[in-house]
Number of protein chains: 2
Amino acid sequence: MSEVARRATLRDVAETAGVSRSTASRALSGRGYVAEPVRKKVLRTAEKLGYVPDVMARNLKQQVSRSIGILVTDLRNQFYADLAAGASQQARLSGYTTMLVDDGLSSAADDAAIAEAFVALRVGGVILTPTSAAVPEYLARHRVPIVEVDRQFTPDGSDGVVVDNAAGARAATEHLLELGHRRIALFIDETDWTTGRGRYDGYVAALGAAGVAVDPDLVVATGWDVEGSRARAVQMLGGRSRPTAVFAANNVLAEGAWRAIAELGLSVPGDISLVAFDDAPWMSMVTPGVTAVAQDSVEMGAAAVRRLLARLEDPVGAPQTTILDATLRTRGSTGPL
Amino acid sequence: MSEVARRATLRDVAETAGVSRSTASRALSGRGYVAEPVRKKVLRTAEKLGYVPDVMARNLKQQVSRSIGILVTDLRNQFYADLAAGASQQARLSGYTTMLVDDGLSSAADDAAIAEAFVALRVGGVILTPTSAAVPEYLARHRVPIVEVDRQFTPDGSDGVVVDNAAGARAATEHLLELGHRRIALFIDETDWTTGRGRYDGYVAALGAAGVAVDPDLVVATGWDVEGSRARAVQMLGGRSRPTAVFAANNVLAEGAWRAIAELGLSVPGDISLVAFDDAPWMSMVTPGVTAVAQDSVEMGAAAVRRLLARLEDPVGAPQTTILDATLRTRGSTGPL
DNA sequence: TTTGCCTGTGGCATCGATCCCACATGGATC
DNA sequence: GATCCATGTGGGATCGATGCCACAGGCAAA
């Protein structure tokens, strides 16, 4: 056993201090009776040996783990990175460790593996941002509490934290309407789930309230990435009957639209107004600044962790969805018709 | 024991399948002899019960963990978010799970707790981006292999992955010199550690090679955040003897400089040229685009994981530092004097 | 003196998975 | 027919930490 400095275990501490493992455990954890001098001695030896308890072994014995999983859609997107930062920090403040996984360039098979890894690690619960539907299903089947952030697959069945998509989208659209715009294009990735659906509804509601009919040709599914959005935007804005304003439903699509506008040599807001959902850093750097519906993504992450911890406290309560405010930040990219 | 659907264990699988735990273990892991029909039966039972092995228990028994820790400076900085994404993905591809922690708004005490958590979780090794010096010290003391990314506290003592800071800074400075600039300011956070030191050296080397003396007044310590950089930049660029070009040593300081320039109403590159180290997304969105030294941060993260895994294979080999290329991307923010 | 309680400590089983070892069976070889 | 080996299976110890229970003293009340 002459291993080169094996890591110290509780047994090592106990033997060095000349007490039993039970006593050492009590001294270190502070549970149960320990005579003061003995306690001091154990603490000193533990310190001397550089003893750090093995949380794996502890969790195994106690059958609980103070760790949560976080699965984010894509860390390279500032929105999700901020969300992860907020969740990570809140978890740490609450004494939980986090298993943060970036779904990034993963395949469907990867998603399954990630979900299984969370179960295998026996995390207390998982924070989920939009990925494949298989993940929440798998976790639900294995009775792992989840909190869906940004988008909810099962609004009634699970906890969630979302921004008020409809109100935000409505505010953005109304802002354009007030400036006199009537031909307002909506760039959106999907309209089937809560996020896209809410933003679409807000857009429609604003138009309806202003007595403007929804033109299906102006609602364009751009795909999920910058390139898809850019290509569609070039096509639409390069045509003869182009809209006077564009509402991009998220920061990625807004970037595509912005690049297309620059490419076509159009002036903002002279030729076209642009408003985005989700205020990315670049929107306040460019000239003119991009009017955007800001959502506090750091706070969303933190709120999700708080919701999850509340769920762990009360496993049987009814699912709750926390709805955060979205606020319109007016900048130079929107102007009168 | 009539618990409401307790999670299935290996014992449950074994009993249901009518075999011993040993046999069930062999069937599932594929190690040792198992008759084919028995193997099939065990696999079917495991599937039916939704059995997922407890990696904690497995690691405890095997005394190895296929997980690594990743500590990033600040996820809200795109550079570190990308780095984390790259590391996370590479780790997953290699079959490792990651404990990703965002240092974000942490105090020194938090740092100590984070380092201890890594040890407590018995991670195989840790990827470190710049934080407090206490972290690498603590981990080294506990014999946890580390790879320092972006900045190395102990270049000779530990593995590292860095970009070629000197060459990148030199290229940026030479670019400005070639355009005729002579009064080139350097905005930098620190010059004591590898990152800042390398960039400073590159700047000095380029000036020296061109026969231009280094003016200490033009090398400004701006602090670590956007606001500090902006304030210093306003002060310096608002004065009468302002430089004709600014080299910002990272994306944060570049943002401060950019905001200051906009605030002062200066034109780029007419009044002043700007070049940045680290190509952030906004730099290609603004007009004119910002000339920048690009480092592949996703690849840095991936390279760090590969280095760490190699270290786990060979614990005693000499420390290695991987140096990645930095390439200058010329955009509109730099122009002739 | 006996009973009872409180304090302090150690023995030992336990969590879930693994794996060494013993043992059992069957067929092939001498 | 005895020996041997290959194959297949189960018993039980083990990893590190915890916590129940038993037990040893000491002290106070009856």
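Just so it is clear: chains get the letters A, B, ... in the order the sequence lines come, proteins before strands, and each one is counted from 1. Here the structure is a predicted model, which is why all the values come from computation and not from measurement.
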What's the shortest heavy-atom distance between A:Ser65 and A:Tyr96, and which atoms?
O-CE2, 4.3 Å
Start with the C-alpha gap between A:Glu15 and A:Arg11, add the side-chain angles, then the distance that decides, and say whether salt bridge (charged side-chain N to carboxylate O under 4.0 Å, His left out) holds.
CA-CA 6 Å; A:Glu15 285 177 359; A:Arg11 171 181 222 116; 3.5 Å; yes
For A:Arg21 and for B:Ser20, find the nucleotide of DNA chain D with the closest heavy atom, then tell me which residue's nucleotide is more 5'.
B:Ser20
Would you kindly give the OH-to-C1' distance between A:Tyr33 and D:dG19, to the nearest whole Å?
15 Å
First and last nucleotide of DNA chain C in contact with chain A, 5' to 3', at under 4.0 Å to a heavy atom: what are they?
C:dT7 to C:dG16
Tested for side chain to side chain contact (heavy atoms under 4.5 Å, CB included) against A:Val72, the lone hit among A:Leu100, A:Thr131, A:Asp103 is A:Leu100
Specify whether B:Trp224 and B:Trp193 have parallel, tilted or perpendicular ring planes, treating 30° as the upper limit for parallel and 60° as the lower limit for perpendicular.
tilted
Taking atom P of D:dA6 as reference, at what distance in whole Å does atom CD of B:Glu36 sit?
21 Å
Beyond-backbone contact of A:Phe118 with A:Leu71, side-chain heavy atoms, under 4.5 angstrom:
yes
Between atom CZ in A:Arg26 and atom P in D:dG16, what is the gap in whole Å?
20 Å
Using whole Å, report how far NZ of B:Lys41 lies from P of D:dG8.
17 Å
Categorize A:Ser22 for me: base, sugar-phosphate, or nothing, with a 4.0 angstrom heavy-atom threshold over every strand shown.
base
Checking all strands, does A:Arg31 fall into the base, sugar-phosphate, or nothing category for heavy-atom contacts under 4.0 angstrom?
sugar-phosphate
May I ask you to list the residues of residues 52-65 of chain A, by number, that have any heavy atom positioned under 4.0 Å from an atom of DNA chain C?
A:Leu60, A:Lys61, A:Gln63
About how many Å separate CG of B:Asp159 and CG of B:Leu128, when rounded to the nearest 0.5 Å?
11.5 Å
Quick check for you: to the nearest 0.5 Å, what is the distance between B:Arg58 atom CZ and A:Leu60 atom CG?
13.0 Å
Worked verdict on A:Arg307 versus A:Glu148 for salt bridge (charged side-chain N to carboxylate O under 4.0 Å, His left out):
CA-CA 10 Å; A:Arg307 183 84 283 279; A:Glu148 293 182 297; over 6 Å; no
Note: A:Glu36-A:Arg39 ion pair, threshold 4.0 Å (strictly below):
yes
To the nearest Å, how far apart are B:Arg122 CZ and D:dA17 C1'?
11 Å
